[in-house]
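Taking it in order: structure first as structure tokens, then the write-up.
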Amino acid sequence: MSANEIILDVKDLQTSFKTDTGEVRAVDGVSFQLPKGKTIGIVGESGSGKSITSLSILRLLASNGTIKNGEVLYKGQDLLKFSEAQMRKLRGNEISMIFQEPMTSLNPVYTVGQQISEALILHQNMSKKEAAVRSVELLKLVGIPSPDKRVKNYPFELSGGMRQRVMIAMSLACNPEILIADEPTTALDVTIQAQILELIKDLQERLGMSVIFITHDLGVVAETCDYVAVMYAGQVVEYADVRTLFKEPKLPYTIGLLNSLPRHDIEQDKLEPIQGNVPSPHNMPVGCRFAPRCPAATDLCRAKMPKLETDENGNQIRCWIYSEEWDGESEVNLYGETRIAKGRGTKTVLPD
Amino acid sequence: MAKQELLKVEGLKQYFPIKGGLLGRTTNHVKAVDDISFTIYEGETVSIVGESGCGKSTTGRAILRLEEPTEGVVEFKGVNLAGLSKREMRKYRKDMQIIFQDPYASINPRQTVASVLNEAMEIQKVLPANKRRARIEELLETVGLLPYQADRFPHEFSGGQRQRIGIARALSVNPELIICDEAVSALDVSIQAQVLNLLEDLQQEYNLTYLFISHDLGVVRHISDRIIVMYLGKIMEIADKESLFENPKHPYTKALLSAIPVPDPDKKKERIVLKGDVPSPINPPTGCRFHTRCPFATEKCVTDVPELRTTAGMKENHQAACHYIEEIASGEMQPNY
Amino acid sequence: MTKFIIRRLLQTIPVLLGVTILVFSLMHLVPGDPAQIVAGEGASEQTVENIRERLGLNESIPVQYGTFLGNALQGDLGSSIRSGRPVMEEIGARFWVTVELAFYATLVAVFLGLIAGIVSAVRHYTLADTSIMIAALFGLSMPNFWFGLLLIQWFAIGNWMPESLEFLKMRPSGWGDSWRQIILPVLTLGTGGAAIIARMTRSSMLEVIGQDYIRTARAKGVSERIVTYRHALKNALIPVVTVVGLEFGGFLGGAVLTETIFAINGMGRLTIDAIRTRDFPIVQGTVLVISVIFVLVNLIVDISYRLLNKRIDMN
């Protein structure tokens, strides 16, 4: 990958929140790259920090949240150094966002048309009339039947699937470079989810956007994304192209997650779940954050946090097993699968 | 096969009135469940799947008479529950327990785990008071919690642990049937797998029967023996697990299965994307309820209600409610997208 | 919507009937013989009998109520015992004074309350927020009669604004000649309402600002000002409208103290005087008029709430 193809480069992002019980590092070391025109999936369980990551990129955090560190390079410029006015020019224009809850993400007291028009009037200097005409076109683009009538509807008059289409129309109003979709189908039924996923994919091809897809659903990731960043306890722990991630996951957590997933397409024996619970953000392990649940954890894992290391294919992993310092067995058994450690497997065979 | 019938549902209907007009009269009904029948045998797991509004949760609640069914027979071990008085019904409540999606909402936040379980046992008089504490600690261990956690409050537990408490409460009265209403839907994948495994282990240990209500076909395939697919208050297809997933007959089942994303980037399959939204259950479509979205629908589907039936090429316990099972299977009818 | 208005109108009928029954019972709930009470102690048998005759107290209770209701529907609430003038005339002379007072007090309450509430919500947990909320607490807890007296002390008697003593010259027909005539009573009456509206606006705004659609608006690149005034305020005002309507109704009925302190010849004072002099027809009349207005205000509030909040229309 040459550098000019990367439209968004997030480096070591750290975001914390002030709460009654102290400061919480919700995002603590997130790095990933989004190549232009591609889709990256950010996947993780609840509390992994994936939604906070997306809000941090657009700097839309609640008032008790602050970005402590890191860089968000959009076309080479660090968004974290932008003024609020510069950010406003970007939001909804070059980078736009859709959210999980289509039921509550639209303003109940304005019509669908008014809400779509707002961004057009704001960013594209359109008149009210021009924006209204364009709103109808956008509703048509996202497959809403009789758009000229729907444009006058209030959100409560539409179904969940239709509202999510409206949200998408709104986010596409100004032909954004990047679309951030935060769990856009989680609240929808599967047949409606299929419609929305199809729509996003289709629009991406036609409009050439890059997409950040935030989800907890590994199936959705496999179907829609080109690259995947797996998050755990506020950190990116594995980053790879989608095929590698699903076919040869390296990280114990990723392997465990895939093996925990009940599938409808194949017959499985007993599931092999990851033991234990996600650590509390108030009480993070000092070493690797997955160490207390990891079947292969060693003293090193428990004592020292691994760094996110990049391999020869550009894939990244945060795990001691694949480092030269590894102090465990060279063959590691992870949820019924075997992985070869780097330290003792390759490096120790170099005496002369 | 000498399978013992445990629960038999026949012609179950659940209509909810809609008030309206000047005088607030009942102007219409939401036909949440509209004439469904099925049987659950002892020791098996039957799942009801479907999208929101299909009536799956209403069915579970109607079986337990949490809401009085409008019509129909629910037989538990040969006894018609609908005919029982409130008092007699209470005895059967002990045998039929329910676990909800959000156990937190159904547990009093000011009660410790021990008092929640104690109360359940007290109401159903399963054990004398002096033996209950020991049983509570045993139950907690059974569901993978620690005995000393008995004196903690619900908010001190994570979502997965609370679901374990919900399971312990259900188990505390020694039930025969447990209805799991989206019991694992709110849990993260890694925790969900733990709870699913627990449910399977408990089934073996206590010979439990499960009625599993879920929208997640992955979970359903994993846990069920037989599966009921519902759409807008009607059963579309009933089959054993293998038949349903490998040999689905109803166009809705096929569409549903094809709509679910698979966590395998190499499996690029033909997807049937259904058009439009699920119609309102207030005035459901005539004939086959699915005809408004079905790619095979004809005039007949608009007027005639299809019955559940078994055709050639289907196992004996496999039924689908479609007029054109044969024609679709033979390729005589092609989808019209 | 029309259906809703009709239904809502029909619903007010039993409420109004209930009000008339209560008002009618007033006279009969007083212990002892109403005629004797009206006549006062030491009145002659004949006087008491005359009064009884005049008030129609010799009839059976249902007949009395029927007559009362029939007359009331025609706008006849009897005559004042003291002055002998028709009750409606007495009330009519004072009515607009109170309406004017209540109207301006509502304006003040809405104006002050909204600004304070919005500032408080937008800068919540800052010094501004805390000060406003402490002030609002004062406004709420301060009794009208005391605050009114303080205002008179500071402004009128303290010579800061001696013109404001002109409230004494307020014409009984209402609509004062200059703002000076009404500013002090209006402030007295309005501050409590302002405090309620401020608190309501603040909590409603805070709730709305946490909603998903506010985040959506920000994600569109909308400035904070527009987020506050276009996206949040319109939603936050929906519950506030209810309060404003009820405030106005409350001011109409609750101006009693304020009118007494400022010696304003409004309905409140009329009521107080009537109670003191046992002028039952007047008491019945004022209570009835205020109740009817309150019911109507409620009706208007419900309808405007409905118009503002289209979501309720769903069922």
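Here is the naming used below: chain letters follow the sequence lines, and residue numbers restart at 1 for every chain. This one's a predicted model, so the numbers in the text were calculated from it and none came from an experiment.
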Inspect the contact between A:Lys50 and A:Glu45 and indicate whether a charged nitrogen and a carboxylate oxygen are less than 4.0 angstrom apart. no

Determine, stepwise, if the pair B:Phe290 / B:Tyr252 fulfils ring pair (Phe, Tyr, Trp, His ring centres under 6.0 Å). CA-CA 7 Å; B:Phe290 184 54; B:Tyr252 177 63; 5.1 Å; yes

Between A:Asp269 and chain B, which part of the residue has a heavy atom less than 4.5 Å away: side chain, backbone, both or neither? backbone

Within residues 210-231 of chain B, the residues sitting under 4.5 Å from chain A by heavy atom, in sequence order, are B:Leu217, B:Gly218, B:Val219, B:Arg221, B:His222

With a 4.5 angstrom heavy-atom cut-off, is it the side chain or the backbone of A:Val220 that approaches chain B, or both, or neither? both

Counting only non-hydrogen atoms closer than 4.5 Å, does A:Ile266 touch chain B with its backbone (N, CA, C, O), its side chain (CB onward), both, or neither? both

Regarding A:Arg163 and A:Ser105, is there a side-chain donor-to-acceptor distance under 3.5 Å anywhere? no

Lys/Arg-Asp/Glu bridge criterion (N-O < 4.0 Å) met for A:Arg289, A:Asp28: yes

Under 3.5 Å, is there a donor-acceptor pair linking the side chains of A:Glu183 and A:His216? yes

Top of A:Ala222, A:Gly143, A:Gly47 for chain B proximity - count of heavy-atom pairs under 4.5 angstrom: A:Ala222

Between A:Ser280 and A:Asn283, is any side-chain donor less than 3.5 angstrom from a side-chain acceptor? no

Here the pair of heavy atoms bringing A:Gly161 nearest to A:Ile196 is O-CD1, 3.9 Å

Is the shortest side-chain N to carboxylate O distance from B:Asp34 to B:Arg289 below 4.0 Å? yes

Between B:Ile99 and B:Gly166, what is the shortest heavy-atom contact and its length? CG1-O, 4.4 Å

By a 4.5 Å heavy-atom criterion (distance strictly below it), what part of A:Glu198 contacts chain B: side chain, backbone, both, or neither? side chain

Side chain, backbone, both or neither: which part of A:Gln195 has a non-hydrogen atom closer than 4.5 Å to chain B? both

